[in-house]
Amino acid sequence: MTSIADETTQQSARKAYESIEPFHVLAYFNPGLRAAREDLGIDAHAFYVGARGAPLGDCVPSVVVSAFYNFSSSVITPAWESARGAGLQRVADRRVQMLDEELRAILGERVDDAEIVELTARYTDIAASLSFGGRPLAAAWAAAEPSAQPHVALWHAIAVLREWRGDNHIAVLVNHGLDALDAVTFHEAEIADPTVRRRLLGRKLVQITRGWSDDDWEASVDRLVDRGYASRTETGHQLTETGLVMYRAIEAETDAITAPAWSGPGIDDLLERTRPYVKAVIDAGVLPGTKKKD
């Protein structure tokens with residue numbers, strides 16, 4: 001794949017991803033999830049799939065399977081049907097309520113900052129400047145009505161850009177021939193280079209959340225080994241030098257395709273102004289790998 005961005009804008013895209021991702025991920029890791037699910041009478045998979053996929057509308061499950069990409073249809077199909085049964089709008093509204101409650105608890109007095117409204121407008125403007133062709137999940141989120149609550153509207157604006165990057169990443173994975181589970185086992189493989197920074201879920205959590213069995217996982221690793229991308233180790237599997245080269249290429253190409261969102265003026269200032277709100281989420285200790293700070 002030919003790069004469509006220079007190194008500087010690729011670095012900006014990477015910086016933006018790493019800077020604002022924690023704010024978005026709050027939707028998937030927070031103390032209010034259980035109450036939200038219980039209110040709707042659905043399980044964790046149905047809440048996740050229904051809330052994230054709700055902007056796609058009342059479509060057949062295969063559309064959601066395609067958009068979510070690395071999840072097994074054995075998880076997505078029943079979860080989507082369950083969410084449809086509960087009402088997709090009810091699921092979406094309950095998540096907005098949950099995010100409102102959680103962000104109020106985390107941000108405290110800062111929840112009423114006028115800065116939040118300004119940041120939301122800036123991120124919304126960035127999204128409005130982008131092409132959504134070939135990016136179905138991002139397009140659906142861009143068309144969805146954001147919350148009237150400014151702090152949740154900020155989450156929504158960031159979610160659009162996050163899903164836009166995600167759709168770009170899927171395109172790169174397809175181009176490299178990594179489909180569904182193979183993309184997951186490739187990403188979760190051990191890497192000998194300690195300088196490579198990644199967000200990993202670990203095999204156990206991936207299998208639980210994505211619905212892949214042990215047999216599925218082992219067969220996927222075998223495919224990576226057969227293609228020369230990985231080798232078996234005592235603790236699992238590790239990317240070969242060929243695999244590591246491809247890993248770096250995938251990340252660089254994702255950054256290159258995503259760079260148009262972060263190539264305009266004032267991006268560093270925008271991320272710096274967003275930083276206190278992201279830091280508050282991290283310091284709340286609700287995300288994996290974080291601890292609560294006083």
Side-chain angles (χ1 to χ4, degrees), residues 8-33 35-36 51-52 92 95-130 138 141-142 144-166 168-169 197-201 251 254-255 258-294:
T8 300
T9 53
Q10 286 187 46
Q11 290 173 350
S12 293
R14 174 61 50 169
K15 179 181 178 180
Y17 167 63
E18 293 178 346
S19 297
I20 62 179
E21 178 73 355
F23 195 84
H24 175 82
V25 173
L26 177 67
Y28 309 121
F29 300 96
N30 69 74
L33 284 164
R52 187 179 175 207
R95 182 159 80 163
V96 166
Q97 179 187 339
M98 176 192 74
L99 285 169
D100 176 31
E101 294 167 352
E102 296 303 318
L103 285 169
R104 285 183 182 279
I106 289 170
L107 298 179
E109 293 181 356
R110 300 206 67 170
V111 77
D112 294 321
D113 285 356
E115 176 82 326
I116 289 177
V117 176
E118 295 177 9
L119 292 173
T120 301
R122 184 73 176 91
Y123 285 116
T124 301
D125 286 345
I126 290 173
S129 72
L130 302 175
W141 272 96
E145 186 71 24
S147 169
Q149 299 293 336
H151 46 288
V152 185
L154 175 60
W155 180 91
H156 183 109
I158 288 174
V160 173
L161 295 170
R162 193 264 194 182
E163 297 295 5
W164 194 77
R165 178 188 175 85
N168 292 340
H169 189 58
R197 295 183 300 177
R198 299 180 295 163
R199 288 188 174 95
L200 302 177
L201 292 177
E251 294 303 308
T254 300
D255 290 340
T258 307
W262 309 107
S263 59
I267 292 300
D268 286 342
D269 176 66
L270 173 64
L271 296 176
E272 185 61 28
R273 289 165 57 197
T274 310
R275 185 175 178 273
Y277 306 102
V278 178
K279 185 177 185 299
V281 170
I282 295 172
D283 290 349
V286 298
L287 303 184
T290 64
K291 294 182 178 180
K292 183 176 176 56
K293 294 183 180 179
D294 296 329

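We number each residue from 1, following the sequence as shown. Since the model is a prediction, treat every value here as computed from it, not as a measurement.
At distances below 3.5 Å, not a single donor-acceptor pair connects side-chain atoms of E102 with backbone N or O atoms of L26.
Exactly one residue among R198, R199, R275, R197 makes a salt bridge (Lys or Arg N to Asp or Glu O under 4.0 Å) with E18. That residue is R197.
L107 approaches A280 most closely through the heavy-atom pair CD2-CB, 3.8 Å. Here the shortest heavy-atom pairing between Y123 and L161 reads CD2-CD1, 3.6 Å. The two residues P22 and L287 have their closest heavy-atom pair at O-CD1, 3.7 Å. Listed here is the closest heavy atom pair of L99 and A27: CD2-CA, 3.9 Å. Across all non-hydrogen atoms, the minimal contact from A284 to I106 is CB-CG1, 3.8 Å.
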(request) Report the C-alpha separation of T120 and V117 in whole Å, then their side-chain angles, then the decisive distance to 0.1 Å, and conclude whether the side chain to side chain contact (heavy atoms under 4.5 Å, CB included) test is met. (result) CA-CA 5 Å; T120 301; V117 176; 5.7 Å; no
(message) Please evaluate residues R110 and E115 with respect to the criterion side chain to side chain contact (heavy atoms under 4.5 Å, CB included), reporting the C-alpha separation (whole Å), side-chain torsions for both, the decisive distance (0.1 Å), and the verdict.
(response) CA-CA 9 Å; R110 300 206 67 170; E115 176 82 326; 5.9 Å; no
(request) Quick one: do V281 and V25 satisfy side chain to side chain contact (heavy atoms under 4.5 Å, CB included)? Show the steps, please. (result) CA-CA 9 Å; V281 170; V25 173; over 6 Å; no
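Side-chain atoms of H169 and Y17, non-hydrogen and from C-beta on, never get closer than 4.5 Å to each other. The closest side-chain heavy-atom distance from Y277 to L119 is below 4.5 Å. A 4.5 Å side-chain heavy-atom check between M98 and V152 finds every atom pair outside the cut-off. Counting heavy atoms from C-beta outward, R52 and E163 have side chains that approach closer than 4.5 Å. Two residues are said to be in side-chain contact when any heavy atoms from C-beta on lie closer than 4.5 Å; I126 and L270 meet this criterion. Side-chain contact between H151 and D112 is absent, with no heavy-atom pair separated by less than 4.5 Å.
A salt bridge links R273 with E118: the closest approach of a Lys/Arg side-chain nitrogen to an acidic carboxylate oxygen falls below 4.0 angstrom.
Atoms OG and CG, from S19 and L271 in turn, are 5.0 Å apart once rounded to the nearest 0.5 Å. Rounding to the nearest 0.5 angstrom, the gap separating the CG atom in L130 from the OG1 atom in T258 is 9.5 Å. Put simply, CG on D268 and NZ on K15 are 3.5 Å apart, with the number rounded to the nearest 0.5 Å. One finds the OG atom of S147 at 11.0 Å from the CD atom of Q97 (value rounded to the nearest 0.5 Å). For the atom pair CD1 of I116 and CD of Q149, the computed distance is 10.5 Å after rounding to the nearest 0.5 Å. Interatomic distance, CD of Q10 versus OG1 of T254, reported as 10.0 Å (0.5 Å rounding).
Both tests do not hold together for R162 against F23: distance to the six-membered ring centre under 6.0 Å, angle to the ring axis within 45°.
Taking the six-membered ring where tryptophan is involved, the planes of W155 and W141 are perpendicular, since the angle between them exceeds 60° and thus also 30°.
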